[in-house]
Chemist: 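To start, I am sharing the structure in question, which I have written as structure tokens.
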Amino acid sequence: MSEKMVLKVKGIEKAVELFMDLQKRYPMRSIEVYVYGCSDNERQDDDN
Amino acid sequence: MDVVITSDRTMITDHHGKEFLGFMTTAPPIFLPEKIWMSIAAPKIKVNEIGEPCQAPYGLRKIEAALLDAGIDAAVIDPDHLSKHPEAKVVAIGHHDYFALGPPSSEWWVLTGKEPVNARSFRKFMESKEMEYFRRKGAKIVVGGPAAWQWLYKPELIERWGVTTVIDGEGERVIVDVVERILNGEEPPKLIQVGMDEVPSLDEIPLIKKPSVNGLVEISRGCPRGCRFCSVTLRPLRHYTLDMISREIDVNLRGGIKGAILHSDDVLLYGSSSVYPDEMALLKLHELVKSKGVNIAWSHFSLSAVKYSEEKFKLMSKISEMFGDYYKGVEVGIETGSVRLAERIMPAKALPYSVKDWRNIVIDAFSIMHDAKIVPAATLITGIPEERPEDTIASIELVEDLKDFRSLIVPMYFVPMGLLRGESWYKREPTEEQLELMRVCLRHDIRWLDDIFSWYAKDLNPLVRRLISLFISMVKRISRGFIEIAQAPEL
């Protein structure tokens, strides 16, 4: 079973864009996207 | 109460006990003022002293059950009674079509250029003083349900309306985790996709504890057919046990509901792990419903399963005999009359028959249902990117071949998701063939409308029946011109 992908992204627009892209690529996988608004994109992918 | 589960009026209603009237919430008001339109499509529902509606959408009841089972104080609350629960820390919202971007709302929007009432009603709800109160005091707003994807096309509204979390997928397990995080003071994720490892297994699906709208009960989840336009196919197939179904029907019976709408992505595959309907499972299922003494209807049949189950074990005839001489409603998907297009977008929809026989499968299934007094409300999809004019013409010809079978046929105008981001996505021009398809469907529906309505409206509130009759005569009068234009010979 694939592990959950957890990401932190700056700004809702970018978060949604990334989330939709991941949904297309990994339709069966659990994804959580946190949104924050004050620093550069920071990605935490449990896979890596 | 920690969690109120709610939605706008187009969802928290029983549609006067007539599920099909719910489709009126997907259109803008036509010929009638919005207030009257809403009073027909989505009347207010009876509530108890704390504002719980006597019936609520099945999906919301599932979320309620999941939270209650986890020991969380939660209830579905009518949108007019949210102020009775100012202490709530979480407002959980579900919807079939938040922004009217899904079919058939999107089609009405394209045809009329007007926003359907479901989207209007939802906007009013989100901007109501009750929702403003919850936002101001810091309650968390969690949205989900089958239309959760639509929030991704409205990120500005996620911000403006203070949505904390969007859950896309089956939510019974994930909602408990999200709510527990909130109640523990943690910030939950903004966007969640429920993956295969978080989808509830059969024994993790909670049973509803309070009545669902018009007695809808789920019997299976998932569909093995893999049609390209449908996301259900990504869900694992699970069948409820007869005991689970029985217990949910009993909940509705205790709530005074005298009917059961069996819901599945394909009811006739109940109990089957393939595309072959299972005779014994289906007979036992229907015998169970019969033993409860309630009227029956179904959410979805696949046409190939209708044909197969009648040809192999006379299921439709047996059901008709079992439940007596009243019309029974179901939704079915024709989707296209073109074998060429069917091969591309839904090659498995005809199984266990060949997709090359799709037209005959549709005609045979309609004929079988007509004889069994089962009334299909059928959808046809037009506007798919691969569609050619000859495909639309094939659909037109098929609808004409179905003219003698009691049914309603609704063309669904496909809007590619990529276009939904734009503000004016609905300003699209159907082609002449697509318009002609809409005309032949309208002609078909008008032919059968009186017969179907005289049965459907039998026990309807007399005032509502009168209003609908008025609406139908206006549709007929106006449509006459539209249809005649189509039939006029070229000069």
Side-chain angles (χ1 to χ4, degrees), chain A, chain B residues 99 101 140-144 148-171 173-175 177-178 181-182 186-201 222 226 228 230-237 416-418 420-421:
Chain A
M1 194 66 72
S2 304
E3 282 184 48
K4 185 184 291 184
M5 296 178 81
V6 182
L7 303 101
K8 291 183 182 176
V9 181
K10 183 183 177 184
I12 186 69
E13 296 276 353
K14 194 161 178 98
V16 163
E17 197 179 312
L18 180 63
F19 183 72
M20 290 172 84
D21 180 50
L22 290 172
Q23 282 192 309
K24 263 186 217 150
R25 286 197 279 152
Y26 308 106
M28 306 292 194
R29 208 160 155 189
S30 294
I31 303 170
E32 290 185 355
V33 174
Y34 291 81
V35 176
Y36 66 105
C38 55
S39 61
D40 292 330
N41 292 349
E42 179 186 330
R43 178 175 168 143
Q44 290 186 347
D45 186 339
D46 285 356
D47 268 358
N48 298 330
Chain B
F99 304 110
L101 300 181
K140 304 296 183 188
I141 299 172
V142 179
V143 299
W149 62 271
Q150 296 184 3
W151 288 94
L152 305 176
Y153 293 84
K154 304 280 178 188
E156 71 285 2
L157 293 180
I158 294 178
E159 295 225 303
R160 190 196 306 165
W161 288 340
V163 172
T164 310
T165 301
V166 179
I167 300 175
D168 191 3
E170 291 181 33
R173 275 179 62 185
V174 170
I175 188 69
D177 178 50
V178 167
R181 287 200 225 184
I182 291 170
E186 297 167 37
E187 188 66 22
K190 179 68 81 182
L191 307 170
I192 296 176
Q193 168 169 283
V194 180
M196 290 292 271
D197 51 341
E198 290 182 317
V199 166
S201 61
R228 260 180 44 198
C230 183
S231 60
V232 168
T233 197
L234 296 173
R235 305 160 74 187
L237 189 62
M417 290 179 91
L420 293 176
R421 278 190 185 284

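The figures here come from the full heavy-atom set of this structure, side chains too, leaving out hydrogens, waters and symmetry mates. Just so we're on the same page: letters track the sequence lines, and every chain starts at 1. Just so you know, these numbers come straight off a predicted model, no measurement behind them.
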Chemist: Please find the pair of heavy atoms, one from S30(A) and one from G195(B), that lie closest to each other, and give the distance.
Modeler: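 What the structure gives for the nearest pair is OG-N, 3.1 Å.
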
Chemist: How many angstroms lie between CG in D197(B) and CE in M28(A), if you round to the nearest 0.5 Å?
Modeler: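 Those atoms lie 12.0 Å apart.
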
Chemist: Return the minimal non-hydrogen interatomic distance between Y34(A) and E187(B), and the atom names on each side.
Modeler: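 Minimum heavy-atom separation between Y34(A) and E187(B): CE2-O, 3.5 Å.
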
Chemist: With a 3.5 Å distance limit and no angle check, can you tell me whether Q23(A) reaches the backbone of W149(B) through a side-chain donor-acceptor pair?
Modeler: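 Not a single qualifying donor-acceptor pair exists.
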
Chemist: To the nearest 0.5 Å, what is the distance between CG on D168(B) and CE on M20(A)?
Modeler: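 One finds 9.5 Å between CG of D168(B) and CE of M20(A).
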
Chemist: First locate atom CD of E198(B), then atom CD1 of I31(A), and finally report the distance between them rounded to the nearest 0.5 Å.
Modeler: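 E198(B) atom CD to I31(A) atom CD1 measures 10.5 Å (nearest 0.5 Å).
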
Chemist: Looking at P155(B) and V16(A), what are the two nearest heavy atoms and their distance?
Modeler: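 Where P155(B) meets V16(A) most closely, the heavy atoms are CB-CG2, 4.0 Å.
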
Chemist: Atom CG of D177(B) and atom CD of E32(A): how far apart are they, to the nearest 0.5 Å?
Modeler: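 The distance works out to 7.0 Å.
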
Chemist: What part of I158(B) lies closer than 4.5 angstrom to a heavy atom of chain A: side chain, backbone, both or neither?
Modeler: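 The answer is the side chain of I158(B).
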
